[in-house]
Amino acid sequence: MLPFKLIYSDDYYLPIGQHVFPAQKYRLVHQHLLESGTAAAEDFLTPQPATDEDILLVHTPVYVNKLKTGTLSAREEMELEIPYSPELVRAFWLSAGGSILAADHALQDGVAINLGGGFHHAFPDHGEGFCMIHDVAVAIRRMQRDGRIRTAMTVDCDVHHGNGTAAIFGGTRTASQSLPSSGPSTLGRSALDPATFSQCGVMRGAHAGDVFTISLHQENNYPPFKPPSSIDVDLPDGITDDDYLAWLDNALSSGLRQFTPDLICYIAGADPYREDQLGGLGLTIEGLKRRDELVFRVAKAQGIPVIVTYAGGYAQRVEDTVTIHCNTVVAAKEVFVD
């Protein structure tokens with residue numbers, strides 16, 4: 001058995017028909033983890049849907065009522081970019097329940113992985129970009145309400161900016177700063193030479209609040225307007241493994257010098273992959289696994305529990321997306337199994 005739990009339900013499947021979002025990926029990831037021997041049946045927990053009370057910790061009563069009664073406007077449904085149905089609402093409530101369960105177990109075991117979730121484009125009063133409910137924010141607010149945590153940090157490595165996360169937790173933006181910072185890196189080794197990648201992008205931001213938000217994303221990609229995170233790393237098109245990992249290491253280093261979270265929420269999007277249909281970065285499958293390992297090593301070294309959600313992944317071959325998501329579990333296993 002794994003020393004941590006995987007959260008999964010067959011009902012994570014999103015009933016959206018033919019769509020660029022591969023709704024079958026959740027079932028395929030679960031199946032591959034079992035068939036490959038990476039995980040056993042006992043490693044999985046089945047979530048219950050979040051309660052309406054949980055959802056209302058983040059989302060407005062008017063929006064929740066529209067979702068429950070099927071009264072979204074045509075514009076609101078268009079912004080979702082997935083077809084509304086009562087079954088879809090149930091799937092999102094379940095995904096939020098999965099992230100709550102993962103957060104609960106991460107606080108017990110040091111790490112837990114929700115094989116769904118990461119719907120970071122949902123705002124308190126509307127959904128966007130395939131995201132109806134912000135499951136990560138719901139999990140954070142539920143843990144805070146229950147007195148399990150006081151502070152949290154989101155580390156968003158989806159190719160798309162975490163606009164809903166930024167809006168919900170309200171960072172403030174300051175003048176641009178280049179990376180890497182001059183201080184020590186997260187793992188206690190010397191920072192990488194700025195000359196090797198200082199022209200690869202821009203980090204900017206400052207923080208106010210009980211949740212510190214980091215978004216590492218392709219600048220020239222969705223969404224067109226990017227509300228300020230605590231730290232935003234705007235990456236250029238086509239950035240490859242080593243430069244990406246240098247930016248990530250230094251963003252984590254900078255964030256953890258400013259803020260001490262009780263929980264890290266890692267949004268492990270598969271879409272920085274170089275063959276992703278909705279992305280324009282240049283990471284390899286191996287580079288994405290190294291990304292996961294870096295986040296896990298930092299969390300373990302700092303003694304901070306980490307919850308993982310999967311977010312986006314739109315590779316031309318769905319098998320690649322499945323491999324990337326499964327590798328996140330493999331990376332956790334390699335880091336957290338002593």
Side-chain angles (χ1 to χ4, degrees), residues 7 9-27 46-103 114 116-145 154 156 158 160-170 211 213 222-227 265 267 269 278 309-312 314:
I7 313 303
S9 169
D10 287 340
D11 292 330
Y12 276 177
Y13 179 84
L14 302 181
I16 55 177
Q18 285 293 111
H19 198 279
V20 70
F21 189 101
Q24 74 275 28
K25 74 175 185 176
Y26 304 121
R27 175 181 54 80
T46 303
Q48 296 298 313
T51 66
D52 291 354
E53 183 181 17
D54 294 330
I55 302 298
L56 289 166
L57 293 170
V58 171
H59 296 281
T60 66
V62 170
Y63 179 51
V64 171
N65 183 64
K66 286 181 178 181
L67 294 177
K68 301 283 282 188
T69 58
T71 53
L72 291 174
S73 68
R75 177 184 177 85
E76 288 169 328
E77 186 168 342
M78 180 184 69
E79 285 182 323
L80 271 179
E81 299 185 69
I82 46 178
Y84 173 88
S85 68
E87 293 76 22
L88 187 66
V89 173
R90 287 194 286 273
F92 273 96
W93 255 245
L94 183 63
S95 181
S99 290
I100 291 170
L101 185 60
N114 183 10
F119 294 111
H120 60 157
H121 298 311
F123 285 71
D125 61 352
H126 70 281
E128 291 184 9
F130 318 152
C131 301
M132 179 180 281
I133 290 295
H134 201 305
D135 58 287
V136 175
V138 169
I140 289 170
R141 292 306 192 205
R142 169 66 183 271
M143 293 300 106
Q144 289 176 324
R145 189 201 72 186
T154 63
D156 191 337
D158 193 271
H160 304 109
H161 178 264
N163 56 342
T165 313
I168 289 166
F169 296 120
V211 178
T213 57
Y222 178 93
F225 173 68
K226 299 172 174 62
C265 300
I267 298 170
L278 299 185
T309 54
Y310 273 171
Y314 316 94

Results of salt bridge (Lys or Arg N to Asp or Glu O under 4.0 Å) for Asp54 - residues two or more places apart only
Arg142, Arg145
For the pair Tyr84 and Lys66, evaluate side-chain contact (heavy atoms from CB on, under 4.5 Å) and give the outcome as yes or no after the intermediate values.
CA-CA 11 Å; Tyr84 173 88; Lys66 286 181 178 181; over 6 Å; no
Kindly give the heavy-atom pair with the smallest separation between Gln144 and Val211, and that separation in Å.
NE2-CG2, 4.0 Å
Please tabulate, for the side chains in residues 89-97, all donor-acceptor contacts under 3.5 angstrom to protein atoms that are two or more places apart in sequence or on a different chain.
residue	atom	partner	partner atom	Å
Arg90	NH2	Glu87	OE2	3.4
Trp93	NE1	Asp52	OD1	2.9
Ser95	OG	Gly117	N	3.3

Before giving the answer on side-chain contact (heavy atoms from CB on, under 4.5 Å), spell out for Ile140 and Thr154 the whole-Å C-alpha distance, their side-chain angles and the decisive distance to 0.1 Å.
CA-CA 10 Å; Ile140 289 170; Thr154 63; 3.9 Å; yes
If we count only N and O atoms by modelled type, under 3.5 Å, do the side chains of His161 and Asn163 hold a donor and an acceptor together?
no
Shortest non-hydrogen separation from Ser9 to Thr46 and the atoms involved
CB-CG2, 4.4 Å
Parallel under 30°, tilted from 30 to 60°, perpendicular over 60°: which one fits the rings of Tyr63 and His59?
tilted
When you compare the side chain of Val138 with that of Leu57, does any pair of heavy atoms fall below 4.5 Å?
no
Which atom pair, heavy atoms only, marks the closest approach of Ala137 to Ile168?
CB-CD1, 4.0 Å
Nearest heavy-atom approach of Ile55 to Ala50 is CD1-CB, 3.9 Å
Using a distance-only test with no angle check, is there a side-chain donor-acceptor pair under 3.5 angstrom linking Asn114 and Ser99?
yes
Is a side-chain donor or acceptor of Asp158 paired with a backbone partner of Gly312 at a separation under 3.5 angstrom?
yes
Could you report the tightest heavy-atom contact between Pro47 and Tyr12, atom names first, then the distance?
CG-OH, 3.6 Å
Work out which heavy atom in Ala23 is nearest to a heavy atom in Leu14; give both atom names and the distance.
CB-O, 3.3 Å
Can you spot which of Thr213, Thr309, Asp156 makes a side chain to side chain donor-acceptor pair (under 3.5 Å) with His120?
Asp156
Evaluate the ring planes of Phe21 and Tyr26, with Trp represented by its six-membered ring, and classify them as parallel (under 30°), tilted (30 to 60°) or perpendicular (over 60°).
tilted
